[in-house]
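Written below as structure tokens is the structure these notes are about.
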Amino acid sequence: MVSRRGFLRGVASASALAGGAGCSGLPSGSGDSATTSGTIVVGSKTFTENRILGYMAYEALNELTDLQVVDEMGYGATSTVWSGLTGGALDLYWEYTGTLRLLTRHNRIH
């Protein structure tokens, strides 16, 4: 029998290894903290589903890498989290594809 935590770690590991479909992050080499300091900051929006996905990424990165993983779950609403990502305060967070499309259409992706 697999524990709930074991199951979530497995799902998080698979998601992290698959490139985190639905996970927003800046391209490699863009000055994100993970490539420069050995630290990665994982954030989320404030609602439950986004926090769960954020913690899945947090657990997977903590288990599968040598990076120091920083917890910034509940960072804020879409605009706040997106600003954190593009401003360098966050390295990744989970986002819906449709929301990313809207952000792209409104020229918010730099």
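Here, residue 1 is the first one in the sequence, and each next residue gets the next number.
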Exercise for the section: Identify, with sequence neighbours excluded, every residue that meets side chain to side chain contact (heavy atoms under 4.5 Å, CB included) alongside Thr65. Expected result: Leu61, Leu67
Given side chains that start at C-beta, do those of [X] and [Y] come closer than 4.5 Å, heavy atoms only?
X	Y	result
Leu85	Tyr75	no
Val81	Leu90	yes
Asp91	Val42	no

About how many Å separate [atom2] of [Y] and [atom1] of [X], when rounded to the nearest 0.5 Å?
X	Y	atom1	atom2	value
Thr78	Tyr93	OG1	OH	6.5 Å
Tyr58	Glu63	OH	CD	12.0 Å
Met73	Leu53	CE	CG	10.0 Å
Asn50	Tyr55	CG	OH	11.5 Å
Glu49	Tyr96	CD	OH	3.0 Å

Would you say the side-chain atoms of [X] pair up with the backbone N or O of [Y], donor to acceptor, closer than 3.5 Å?
X	Y	value
Asn62	Val69	no
Thr99	Glu95	no
Ser44	Gly54	no

Exercise for the section: Quick one: closest heavy-atom pair of Thr46 and Gly74, and the distance? Expected result: CG2-O, 3.7 Å
Exercise for the section: Can you see which heavy atom on Ala89 is nearest to which on Val41, and at what distance? Expected result: O-CG1, 3.4 Å
Problem - Residues that Gln68 engages under side-chain hydrogen bond (donor to acceptor under 3.5 Å, both in side chains), provided they are two or more places apart - result: none
